[in-house]
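Presented below is the structure to which this report refers.
Per chain, numbering begins at 1; letters A, B, ... match sequence-line order.
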Number of protein chains: 2
Amino acid sequence: MKTDTRLSDILHILLHMAERDSPVTSETLSQIMRSNPVVVRRIMAGLRKAGYVRSKKGHGGGWSLATDLAHITLADIYIAIGSPSLIKLGFRNVAPGCLVEQAVNGALESSFREAEALLLRRFHEITLKQLSEDFHLRFEDARNIEKA
Amino acid sequence: MKTDTRLSDILHILLHMAERDSPVTSETLSQIMRSNPVVVRRIMAGLRKAGYVRSKKGHGGGWSLATDLAHITLADIYIAIGSPSLIKLGFRNVAPGCLVEQAVNGALESSFREAEALLLRRFHEITLKQLSEDFHLRFEDARNIEKA
DNA sequence: TTTAATGTAATTTTATATGTTACATGAAAA
DNA sequence: TTTTCATGTAACATATAAAATTACATTAAA
């Protein structure tokens with residue numbers, strides 16, 4: 001089963017947007033993403049609904065940030081994309097009356113919940129500002145290595 | 001994205017097998033699983049390799065447990081099925097040279113690892129014996145309710 | 001020697017995510 | 001005001017991976 005890179009994709013887009021001061025088109029973002037403008041619009045539509053980005057139609061239009069990155073956490077974005085289950089493993093739900101199934105699911109459920117809660121706590125602790133600063137550090141490092 | 005119910009499925013099969021004292025055919029297991037005998041054989045092949053079950057061909061053949069359930073943990077089974085990633089979310093890996101991608105992945109990676117480690121610790125704590133006992137408790141409860 | 005089981009490769013089907021097309025809408029520029 | 005460039009979105013197509021099925025070899029008991 002493939003992993004879902006949507007959260008990672010969105011963070012990628014937002015951090016790239018933070019480096020520009022004029023609206024960025026879906027076309028440009030799709031090139032950065034190596035994806036498709038319509039796919040980008042679909043992703044961004046959710047973020048717009050949550051108030052993190054704005055879109056502008058027509059000439060000179062495109063997408064821009066609507067919120068200071070310091071005030072957006074990974075948890076915010078996670079919630080904006082619909083809080084998808086974080087755990088890849090799931091429960092059989094073939095015969096809910098089956099007592100074996102109930103026993104197995106009961107044991108797995110509490111472990112899954114704990115792990116999800118931990119992950120969400122970490123997500124609440126990380127702002128997009130931090131990620132952006134991390135990027136800038138890497139950028140400077142790369143420049144210094146180039147010079148040397 | 002769908003969740004992977006393989007671990008749950010296998011636990012289900014093993015617990016059902018524990019209730020029988022003669023070999024169970026793939027056909028029977030596939031009915032319990034609402035799946036297919038060949039799929040069952042594929043799943044069981046991994047468990048046999050790990051030494052948890054035995055198979056017998058021909059008349060009266062089928063699958064049986066090779067190890068005391070008290071000595072098998074959820075972690076053992078998880079490892080036997082190839083230690084698949086436990087976290088549904090993944091990293092973009094479109095442009096590994098991209099510093100934005102690196103910054104994002106770095107932040108996600110440590111959180112994912114923490115959550116995976118927690119889940120695995122829980123898996124080590126739970127034996128199939130415990131699950132089986134839980135099932136028998138539920139079974140007795142159901143009988144008592146029926147009588148009353 | 002027939003029947004019943006597993007073992008496994010090859011193929012088909014299905015589900016889902018992703019990508020694409022088409023066209024409506026809106027806004028700026030010519 | 002008309003053209004161009006952008007988003008918005010529904011409908012459709014494609015790609016990919018998981019699951020199921022088919023086919024047939026192997027093995028063992030009746």
Nearest-nucleotide wise, let me know which of A:T3 and A:H59 is further upstream toward the 5' end of DNA chain C.
A:T3
Rounded to the nearest angstrom, tell me the gap between atom CE in B:M33 and atom P in D:dT21.
13 Å
Under a plain distance cut-off of 3.5 Å, with no hydrogens placed, do A:T25 and A:T28 share a side-chain donor-acceptor pair?
yes
Salt bridge check: are B:K88 and A:D4 linked by an N-O gap of less than 4.0 Å?
no
Counting side-chain heavy atoms from C-beta on, which of C:dT8, D:dT27, D:dA19 comes nearest to B:V39?
D:dA19
Phosphate OP1/OP2 of D:dC5: any A:T25 side-chain N/O under 4.0 Å:
no
Are A:N36 and C:dT18 close enough that a side-chain N or O sits under 4.0 Å from OP1 or OP2?
no
Over how many whole Å does the gap from A:I43 atom CD1 to C:dT18 atom P extend?
8 Å
So what does A:G62 hit on the nucleic acid, given a heavy-atom distance under 4.0 Å: a base, only sugar-phosphate, or nothing?
sugar-phosphate
Side-chain N or O of B:S55 closer than 4.0 Å to phosphate OP1/OP2 of C:dG7:
yes
B:K57 or A:D4: which one's nearest nucleotide on DNA chain C is closer to the 5' end?
B:K57
Can you tell me if the side-chain N/O atoms of B:R41 get under 4.0 Å from OP1 or OP2 in C:dT6?
yes
Derivation and outcome, side chain to side chain donor-acceptor pair (under 3.5 Å), residues B:Q130 and B:T127
CA-CA 5 Å; B:Q130 285 170 261; B:T127 67; 3.3 Å; yes
Does the base of C:dG19 carry an N or O that pairs as donor and acceptor with the side chain of A:R42 under 3.5 Å?
yes
With a non-hydrogen cut-off below 4.0 angstrom, is A:R54 in contact with a base, only sugar-phosphate, or nothing?
nothing
Salt bridge present between B:E116 and B:R113 (N-O < 4.0 angstrom)
no
From CZ of B:R34 across to P of D:dT21 the rounded distance in Å is 15 Å
Ignoring the backbone of B:S26, work out which of C:dA9, D:dT4, C:dT6 is nearest its side chain.
C:dT6
When the distance from CG of B:L29 to C1' of C:dT6 is rounded to whole Å, what number comes out?
12 Å
In whole Å, I'd like the distance from the CH2 atom of A:W63 to the C1' atom of C:dG26.
14 Å
More than 12 non-hydrogen atoms from neighbouring residues, nucleotides or ligands closer than 6.0 Å to CZ on B:R6, yes or no?
no
Using heavy-atom distances to pick each residue's nearest nucleotide on DNA chain D, tell me which of A:R48 and A:G58 is more 5'.
A:G58
